[in-house]
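Okay, so here's the structure we're looking at.
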Protein chains: 2
Amino acid sequence: MPSARERVRAELTAEITDAARRQLAEVGAAALSLRAVAREVGMVSSAVYRYFPSRDDLLTRLIIDGYDDLGAAAEAVDDPTAGPADRWLAVCRAVRSWALGHPHEYALLYGSPVPGYQAPKDTVPAASRVGIVLGRILGEAARAGALADGSGERDADLVSDDAVAVLGGEHPALDETVRVRALLAWSALFGTISFELFGHFVGSVEDADRYFDRAMGDLARLIGF
Amino acid sequence: MPSARERVRAELTAEITDAARRQLAEVGAAALSLRAVAREVGMVSSAVYRYFPSRDDLLTRLIIDGYDDLGAAAEAVDDPTAGPADRWLAVCRAVRSWALGHPHEYALLYGSPVPGYQAPKDTVPAASRVGIVLGRILGEAARAGALADGSGERDADLVSDDAVAVLGGEHPALDETVRVRALLAWSALFGTISFELFGHFVGSVEDADRYFDRAMGDLARLIGF
DNA sequence: AAATGGCGAGAGCGGTGCTCTCGTTCGGCT
DNA sequence: AGCCGAACGAGAGCACCGCTCTCGCCATTT
């Protein structure tokens, strides 16, 4: 059982991360100041260092929480009984609407890496969640016969076994073409969202909502389902 | 004719931007310090403000230069006499290799927007150059009969007229499907490069070089050329 | 009851962006 | 030719930043 000391420590840690998340949502990661966070929770800045060894560690915490929040949103919206095309579009929409609702957090996750490349190890499980959701959808679509009209060549060791496992393990239909297409769909989804959020579509796309649906629908159809 | 004063001013401005570009390449945009730039050119920090009203303006200068450099690289490698598939892949490779050679500049251009969304007006012409190169390739491919096996529906006002102009003006073959596919290809290219550069492919892609060629080749084939 | 260790506060270091005020110097106008 | 204003570089200074260290306080553990 947690001692009283551990409990209040956990509470204060949560209070700090909450304040940091609030500040992140307001001013963005670049302007997130540990001192301002300390002020908001009524501490002096040096006291915060009892809980986070550095500002980057605080940001890493926010990154992991962000990945988990986004991953949960993607998982929540995926209905395994629906068809792959519907599932795909639903998850794409969920990811986009999360991004639009949390622009600074999205930028922290999928924009430029902030510090000198922080420890990715801790973030990997959380970061994988939405990829796993998409991989499951695409993998099942592939096993159902879709996505398989490619050249079918096996370009060994192009996509790692970990990524293949996400698609649902070894299966004759999961040749290299399917693997590449899954990764392509994944990065195209986030490329589209990033372009919209970071302003690269300004002047090109008139109606972002409708363009997104069209683009993701076309993408799914092109890939084969 | 430029007066002597204007000349030395232009020289000093160039010296400052050069030093800033060097520092950007070394430590990245987030850690780029106007004071350090001033030190490098042998000035005191306040003197730099005679040439750039703020740090963000200096960054904006670097952004425009970066877009121009990347755009020039894309234009240089495009051979109008080649086939669309070859041209597409060549430009994709050129963009990627520029990004790999200038990771911090790429992050500045296509990562999270650094300040509170700086003036995009000045950056637009430079930022459009690689999009124009890609648009020209895809537009010519479409007029040659490719990219046209879509539904052909005309979802008016989805893609702006500016973007259509990039594809080569009005043409019966340039229906909404082609427009969406062109934008999709564009954002998929940069989504792929961003994922590679920002580490989202770690654990999924084994051989980045070969994956990129495969992905961009598959993408072109899927889109229709 | 005493010792240990976690904790918050404060001072301080070097760094940042940016502003303001000084002399100086240079160029265009009378 | 001479002057006057504009441009310029330097310096000091402000508020803020991340981070470190030290010092008392207090609770938990022994």
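So that the names make sense, note that chain A is the first sequence line, chain B the second, and so on, each numbered from 1.
If you check every strand for non-hydrogen atoms under 4.0 Å, B:Leu32 touches sugar and phosphate atoms only. Counting non-hydrogen atoms under 4.0 angstrom, B:Arg55 reaches the backbone sugars and phosphates but no base. Among the atoms of the strands shown, only primed sugar atoms or phosphate atoms (P, OP1, OP2) are found under 4.0 Å from some heavy atom of B:Ser54. The residue A:Arg5 sits close to a base: some heavy atom pair falls under 4.0 Å. Across all strands shown, A:Phe52 has no heavy atoms under 4.0 Å from either base or sugar-phosphate atoms. Using a 4.0 Å heavy-atom cutoff across all strands shown, A:Leu12 reaches sugar-phosphate atoms only and no base atom.
The side chain of A:Leu34 has D:dG18 as its nearest neighbour among C:dT16, D:dG18, D:dC8.
Side-chain N/O atoms of B:Ser46 include none lying less than 4.0 angstrom from OP1 or OP2 on D:dA10. Residue A:Ser45 places no side-chain N or O under 4.0 Å from the OP1 or OP2 atom of D:dC17. OP1 and OP2 of C:dA9 both lie 4.0 Å or more from every side-chain N or O belonging to A:Arg39. Remark: A:Tyr51 is in phosphate contact with C:dG8, judged by side-chain N or O atoms under 4.0 Å from OP1 or OP2. In this model, the phosphate group of D:dA7 is not approached by any side-chain N or O of B:Arg9 to a distance below 4.0 Å at OP1 or OP2. Within the 4.0 Å cut-off from OP1 or OP2 of D:dG9, not a single side-chain nitrogen or oxygen of B:Tyr49 is found. Under 4.0 angstrom from either OP1 or OP2 of D:dA6 there lies no side-chain N or O belonging to B:Arg50.
With values rounded to the nearest 0.5 angstrom, B:Glu15 atom CD is found 9.5 Å from B:Glu40 atom CD.
Judged by distance alone, the side chains of B:Thr60 and B:Asp57 never bring a donor and an acceptor atom under 3.5 Å apart. Between B:Tyr106 and B:Ser194, the side chains place a donor N or O and an acceptor N or O closer than 3.5 Å (distance only, hydrogens not considered).
For the pair B:Ile16 CD1 and D:dC8 C1', the computed distance is 12 Å after rounding to whole Å. In this structure, the CD atom of B:Glu6 is 13 Å from the C1' atom of D:dA6, given to the nearest Å. Computed from coordinates, the B:Met43 CE to D:dA10 C1' distance equals 11 Å when rounded to whole Å.
Note on B:Arg22 versus B:Asp18: no salt bridge recorded, every NZ/NE/NH1/NH2 to OD/OE distance being 4.0 Å or above.
A tilted orientation is assigned to the rings of B:Phe190 and A:Phe195, their planes being inclined by 30° to 60°.
B:Arg35 contributes no side-chain N or O that forms a donor-acceptor pair with the base of C:dG15 under 3.5 Å.
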